[in-house]
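Hydrogens, waters and symmetry mates are skipped; everything else that's a heavy atom, side chains included, is used. One-based numbering along the sequence shown.
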Amino acid sequence: MARTVRHPRSRSRAVEDHNRQVAGVTGVLLLAVCVHSVVIGPSAWLWFGWAVLLLVCVALFVVRP
């Protein structure tokens with residue numbers, strides 16, 4: 001039976017890809033909330049957007065590849 005051997009750098013590559021994805025999602029969400037605040041003005045939805053942004057960022061950093 002053949003055994004799969006992982007390359008030692010595959011873990012670091014996965015971490016780099018995960019970090020890049022976290023940065024991309026964080027940037028898009030931050031841009032969306034900022035555009036909303038500029039176009040529509042501050043409101044309860046703005047604070048809701050910031051709360052969602054914070055929760056998504058925390059969740060993305062907690063989830064490890």
Side-chain angles (χ1 to χ4, degrees):
M1 184 176 266
R3 192 172 146 176
T4 304
V5 178
R6 286 187 168 184
H7 194 276
R9 283 188 250 163
S10 64
R11 173 89 175 136
S12 64
R13 173 86 180 201
V15 170
E16 287 176 13
D17 290 342
H18 177 74
N19 289 344
R20 193 174 304 115
Q21 290 171 351
V22 168
V25 170
T26 303
V28 167
L29 289 174
L30 181 61
L31 182 64
V33 172
C34 288
V35 167
H36 179 276
S37 66
V38 168
V39 172
I40 297 175
S43 66
W45 285 109
L46 176 64
W47 294 109
F48 177 74
W50 282 113
V52 169
L53 176 65
L54 176 64
L55 290 174
V56 169
C57 290
V58 168
L60 286 173
F61 281 107
V62 168
V63 174
R64 302 283 169 136

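A 4.5 Å side-chain heavy-atom check between Trp47 and Val52 finds every atom pair outside the cut-off.
At a threshold of 4.5 Å between side-chain heavy atoms, the hydrophobic network of Ile, Leu, Val, Met, Phe, Trp and Tyr places Leu31 and Ile40 in one connected group. Phe48 and Val25 end up in the same hydrophobic cluster when Ile, Leu, Val, Met, Phe, Trp and Tyr side chains are linked at under 4.5 Å.
The side chain to side chain donor-acceptor pair (under 3.5 Å) search around Asn19 returns none, not counting sequence neighbours.
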